Amino acid sequence: MQKAEARPRQHDHPGGAAKGRGGGDRATGPPGAPMEIPAGLMLEPSLYTIKAIFILDSFGQRLLAKYYDDTFPSTKEQKSFERNVFNKTQKTDSEIAFLEGLTIVYKSSIDLFFYVVGSPHENELMLMSVLTCLFESLNHMLRKNVEKRTLVENMDGVFLVVDEIVDGGVILESDPQQVVQKLNFRVDDTALSEHTVTQAIFSRLILMT
């Protein structure tokens, strides 16, 4: 599994950085000892994350939506946001939009619109890589027939694809080939399990006769 790399983000603190000579706020210690950095001033690593993934039809109606934080806590707020995003993006040729303080990357295919939503500070290229991975994985799974009817008929698989790419908002995979391989493994493993159970039941019936 290809995990997103952690990157440091510096958080703003009212006190700023530790003051130097004469500033008053200095870490104390014996001469020559390394200066201790207060925990609150250390750079905190953070994984690339997203806030939401959703797929809408050509009328702006939700087909799939997964939200990973409480930016839009209720279904009503989520659908209102989706409607605003759809109205802003349905007739544009761009691939990125900024709405309600969020960064949105999107792609359309026949009668479907795919969206990945991140914070205003998130890497746009990383968001786009998630969108591309989602679309290419579905394109393979749906045999290059990425349209509403086929997607709805295979909705269980669509959710599996999304879950392989993002877990709890953390980006786990951006390579569609890896996603497809994992899905094939799941399908094969499930089929094997069902075959094993059937074989066991058949063998028991033979012993009982």
Side-chain angles (χ1 to χ4, degrees), residues 1-7 9 45-58 60-72 78 81-82 85-86 89-90 94-97 102-119 121-196:
M1 177 175 66
Q2 178 183 347
K3 290 186 181 265
E5 297 178 358
R7 65 174 180 179
R9 289 181 179 164
S46 171
L47 292 175
Y48 289 109
T49 59
I50 65 173
K51 290 182 173 292
I53 289 178
F54 52 88
I55 303 174
L56 309 179
D57 65 14
S58 56
Q61 297 299 311
R62 173 193 287 191
L63 300 177
L64 175 149
K66 299 203 77 171
Y67 286 77
Y68 300 103
D69 64 12
D70 58 355
T71 302
F72 302 99
Q78 292 172 6
F81 172 67
E82 291 163 18
V85 171
F86 179 75
T89 60
Q90 63 171 319
S94 179
E95 296 179 333
I96 184 169
L102 299 172
T103 304
I104 305 157
V105 295
Y106 58 96
K107 179 182 181 66
S108 62
S109 174
I110 308 177
D111 53 358
L112 295 173
F113 288 82
F114 300 83
Y115 297 91
V116 175
V117 183
S119 74
H121 307 295
E122 198 52 85
N123 188 310
E124 295 163 10
L125 293 178
M126 182 58 68
L127 296 178
M128 188 61 71
S129 73
V130 173
L131 178 65
T132 301
C133 183
L134 172 63
F135 182 81
E136 293 299 332
S137 299
L138 293 178
N139 189 47
H140 184 278
M141 187 186 78
L142 301 177
R143 302 177 185 274
K144 299 184 178 181
N145 190 22
V146 186
E147 61 173 352
K148 179 179 178 179
R149 181 182 61 82
T150 311
L151 184 128
V152 171
E153 291 174 351
N154 295 273
M155 190 59 72
D156 289 345
V158 177
F159 273 102
L160 287 177
V161 167
V162 173
D163 290 342
E164 287 291 346
I165 299 172
V166 179
D167 182 18
V170 177
I171 301 170
L172 300 180
E173 190 60 72
S174 58
D175 183 352
Q177 291 186 350
Q178 291 294 325
V179 173
V180 171
Q181 288 179 8
K182 290 172 185 176
L183 289 178
N184 289 338
F185 177 80
R186 282 193 180 191
V187 171
D188 292 343
D189 189 52
T190 302
L192 178 61
S193 299
E194 292 175 351
H195 174 73
T196 303

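This chain uses plain numbering: 1 for the first residue, then up along the sequence. This is a predicted model, so every value here is computed, not measured.
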Nearest non-hydrogen partners of [X] and [Y], listed with the distance:
| X | Y | answer |
| --- | --- | --- |
| Ala65 | Arg62 | CB-NE, 3.3 Å |
| Met155 | Leu63 | CE-O, 3.6 Å |
| Phe135 | Ser109 | CE1-CB, 3.5 Å |
| Phe113 | Asp57 | CD1-O, 3.8 Å |
| Phe86 | Gly60 | CZ-N, 3.5 Å |

Worksheet entry | pair Val179-Met141: side-chain heavy atoms closer than 4.5 Å |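 Result no, sub-4.5 Å side-chain heavy-atom pair not found.
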Worksheet item: Is the closest side-chain heavy-atom distance between Phe81 and Val117 below 4.5 Å?
Response: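 Yes, their side chains come closer than 4.5 Å.
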Practice prompt. Calculate, to the nearest 0.5 Å, the distance between atoms CZ and CG belonging to Phe114 and Leu64 respectively.
Written response: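 One finds 9.5 Å between CZ of Phe114 and CG of Leu64.
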Worksheet entry | Distance, nearest 0.5 Å, that separates NZ of Lys148 from OG of Ser58 |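 Those atoms lie 6.5 Å apart.
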Under 3.5 Å: donor-acceptor pair, side chain of [X], backbone of [Y]:
| X | Y | result |
| --- | --- | --- |
| Thr132 | Met128 | yes |
| Thr103 | Ser119 | yes |
| Asn154 | Gly157 | no |

Discussion item. Surrounding CD of Gln90 (heavy atoms of other residues, nucleotides or ligands, distance under 6.0 Å), is the total greater than 12?
Written reply: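 More than 12 within 6.0 Å, yes.
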Discussion item. Enumerate the ring-ring contact (aromatic ring centres under 6.0 Å, His included) contacts for residues 136-158, please, sequence neighbours excluded, ordered by first and then second residue.
Written reply: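 Every pair satisfying ring-ring contact (aromatic ring centres under 6.0 Å, His included) with a residue in residues 136-158: there are none.
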Discussion item. If we check side-chain contact (heavy atoms from CB on, under 4.5 Å) with Glu164, which of these qualifies: Leu183, Leu134, Val180?
Written reply: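 Only match with Glu164 under side-chain contact (heavy atoms from CB on, under 4.5 Å): Leu183.
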Practice prompt. Output all residues satisfying ring-ring contact (aromatic ring centres under 6.0 Å, His included) with Tyr67, sequence neighbours left out; order by chain, then residue number.
Written response: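 Listed in chain order: nothing, the list is empty.
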